[in-house]
Undergrad: 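Shown below is the structure under consideration.
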Amino acid sequence: MTSPNILLKAWNLHARKELGQNFLINPAVAEQIALRAHLTPKDVVLEIGAGLGALTTAAAGRVAKVVAVEKDRSLVPLLRAELLAGGWDQVQVIEQDILALDIKAVADAQGRRLVVMGNLPYNISSQVVVKLIESRQWVERAVLMFQKELARRLCAGPGSRTYGRLSVMLQYCADLNLLQDLRADQFHPRPKVDSAVLAIQFKSSIAHPVADEKKMARVVQAAFGQRRKTLRNALSGALLNLDSASAAAALEQSGIDPVRRAETLSVAEFVNLTNTIVNFFQ
């Protein structure tokens, strides 16, 4: 792997701050991440933000195929040249914004569910998580680099100050495992914060599924949207079409004290509350 700094200078390019570009410096780190991802020769990897190809090539040596998505059109020729020089013909490069990519179409074309990997730009990390939740029918698991603070937030449980909307929605459908922390000096240019690698294993089945997942997303959004308020007050309003009396009744029928706050509810309690609202108040 050629140094990112040398590669960028050779091609008269620079990391673009507006795209959140921070490239892995040490190929050993990329290899370690690929190893901890437990990739198999049958896997097809969808890589988000292939960049200069550090993680791309580390994964490609272990799987059947890598579909590498890169938004920055100025980087794509460089990436393709590096892959060609290395003989990585099992990598397909797609120039596209991951948020606009049809993940179902990629999975269907490969004939199997995907393993998603990537060093996520900090500015779209939350949006990518939401997209993966919505696309999990075609995604088996994901191994992603996040800003360390966000990775901790996704794994946080009830009672934590960092427990929030994404924590609930992701933990509802997936099991999470923090694999390793990465210091800022492992990237070029060096970001202001450290990163963490998070493994997301989507559940093949959910023991106690919610009746309406989109409704649950709105319930969770309403609850955390005004997290300092009691649940009775937070759930009242246009988002759920509930008045204060109905919100209190839904909470009480779900066995939840109306004066509790969103960060105290478990995922199971949010499921129960949503089912109550769906069945009796909508």
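Side chains included, hydrogens not; waters and symmetry mates left out as well; all remaining heavy atoms used. Not measured: the values here are computed from a predicted model.
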Undergrad: Run the numbers on Ile256 and Leu231 for side-chain contact (heavy atoms from CB on, under 4.5 Å), then give the verdict.
TA: CA-CA 9 Å; Ile256 300 169; Leu231 282 166; 4.0 Å; yes

Undergrad: Would you say the side chains of Lys65 and Gln92 form a donor-acceptor pair under 3.5 Å?
TA: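 Yes.
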
Undergrad: Is the side chain of Glu269 donor-acceptor paired with the backbone N or O of Ser266 at a distance under 3.5 Å, no angle test?
TA: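 Side chain of Glu269 to backbone of Ser266: a pair is present.
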
Undergrad: With distance as the sole criterion, is a donor-acceptor pair present between the side chains of Gln226 and Asn233 under 3.5 Å?
TA: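 Per modelled atom types, Gln226 and Asn233 side chains form no pair under 3.5 Å.
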
Undergrad: Would you find a donor on one side and an acceptor on the other, under 3.5 Å apart, between the side chain of Asn177 and the backbone of Ala199?
TA: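 No, the answer is negative, given that no donor and acceptor are paired below the 3.5 Å cut-off.
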
Undergrad: Between Arg261 and Thr230, is there a side-chain donor-acceptor contact under 3.5 Å, judged purely by atom types and distance?
TA: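 Side-chain D/A pair, Thr230 to Arg261: absent.
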
Undergrad: Under a single-linkage definition using a 4.5 Å side-chain heavy-atom cutoff for Ile, Leu, Val, Met, Phe, Trp and Tyr, are Val130 and Phe270 assigned to the same hydrophobic cluster?
TA: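 Yes: a chain of side-chain contacts under 4.5 Å links Val130 to Phe270.
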
Undergrad: Please confirm whether the backbone N or O of Asp72 pairs with a side-chain atom of Glu70, one donor and one acceptor, at under 3.5 Å?
TA: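 Yes: the side chain of Glu70 pairs with the backbone of Asp72.
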
Undergrad: Are Tyr163 and Thr264 close enough that a side-chain donor and a side-chain acceptor fall under 3.5 Å?
TA: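 Looking only at side-chain atoms, Thr264 and Tyr163 do not form any donor-acceptor pair under 3.5 Å.
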
Undergrad: Are any side-chain N or O atoms of Gln21 and backbone N or O atoms of Arg16, one a donor and one an acceptor, separated by less than 3.5 Å?
TA: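 Checked: pair present.
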
Undergrad: Look up atom CZ in Arg165 and atom CZ in Phe224, then write down how far apart they are to the nearest 0.5 Å.
TA: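 Between atom CZ of Arg165 and atom CZ of Phe224 there are 10.0 Å.
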
Undergrad: A quick test of your reading: do over 12 heavy atoms of other residues, nucleotides or ligands sit less than 6.0 Å from NZ of Lys131?
TA: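 Enclosed: over 12 neighbouring heavy atoms sit under 6.0 Å from NZ of Lys131.
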
Undergrad: Find the distance between CD (Gln180) and OG (Ser195) and round it off to the nearest 0.5 Å.
TA: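 That separation rounds to 10.5 Å.
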
Undergrad: If only atom types and distance count, is the side chain of Arg113 paired as donor or acceptor with the main-chain N or O of Val139 below 3.5 Å?
TA: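 Yes.
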
Undergrad: Can you get from Ile200 to Leu35 by hopping between Ile, Leu, Val, Met, Phe, Trp and Tyr side chains that sit under 4.5 Å apart?
TA: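 No.
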
Undergrad: Same cluster or not: are Ile133 and Ile206 linked, directly or through other Ile, Leu, Val, Met, Phe, Trp or Tyr residues, by side-chain heavy atoms under 4.5 angstrom apart?
TA: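 Yes, because Ile133 and Ile206 connect within a single hydrophobic cluster, where side-chain heavy atoms sit under 4.5 Å apart.
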
Undergrad: May I ask whether Leu99 and Ile103 are part of the same hydrophobic cluster, defined by side-chain heavy atoms of I, L, V, M, F, W, Y residues being less than 4.5 angstrom apart, directly or through others?
TA: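 Both belong to a single hydrophobic cluster.
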
Undergrad: Ignoring hydrogens and geometry beyond distance, is a side-chain donor-acceptor pair present between Asp243 and Ser246 at under 3.5 Å?
TA: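 Side chains of Asp243 and Ser246: pair found under 3.5 Å.
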
Undergrad: Return yes if some donor-acceptor pair links the side-chain N/O of Asn272 with the main-chain N/O of Ser254 below 3.5 Å, else return no.
TA: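 Yes, Asn272 side chain to Ser254 backbone: donor-acceptor pair under 3.5 Å.
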
Undergrad: Are Ser3 and Asn5 linked by a side-chain donor-acceptor pair shorter than 3.5 Å?
TA: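 No, because no side-chain N or O of Ser3 sits under 3.5 Å from a partner of the opposite role on Asn5.
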
Undergrad: For the residue pair Thr56 / Glu47, report whether a side-chain donor-acceptor contact shorter than 3.5 Å exists.
TA: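 Short answer, yes.
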
Undergrad: For the backbone of Ala156 and the side chain of Ser160, can you confirm whether one donor and one acceptor N or O come within less than 3.5 Å of each other?
TA: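 Such a contact is absent between Ser160 side chain and Ala156 backbone.
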
Undergrad: Same cluster or not: are Leu55 and Leu19 linked, directly or through other Ile, Leu, Val, Met, Phe, Trp or Tyr residues, by side-chain heavy atoms under 4.5 angstrom apart?
TA: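 No, separate clusters.
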
Undergrad: Side-chain contact, heavy-atom cut-off 4.5 Å: Leu178 with Arg152?
TA: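 A side-chain contact exists here, since the closest heavy-atom pair is under 4.5 Å.
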
Undergrad: Evaluate the side-chain contact (heavy atoms from CB on, under 4.5 Å) criterion for residues Arg227 and Glu263: first the C-alpha distance (whole Å), next the side-chain angles of each, then the deciding distance (0.1 Å), finally the verdict.
TA: CA-CA 7 Å; Arg227 62 188 301 153; Glu263 64 265 21; 3.6 Å; yes

Undergrad: Indicate yes or no for a side-chain donor-acceptor contact from Arg153 to the backbone of Ser167 under 3.5 Å, with no hydrogens or angles considered.
TA: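 Here the side-chain-to-backbone pair does not exist.
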
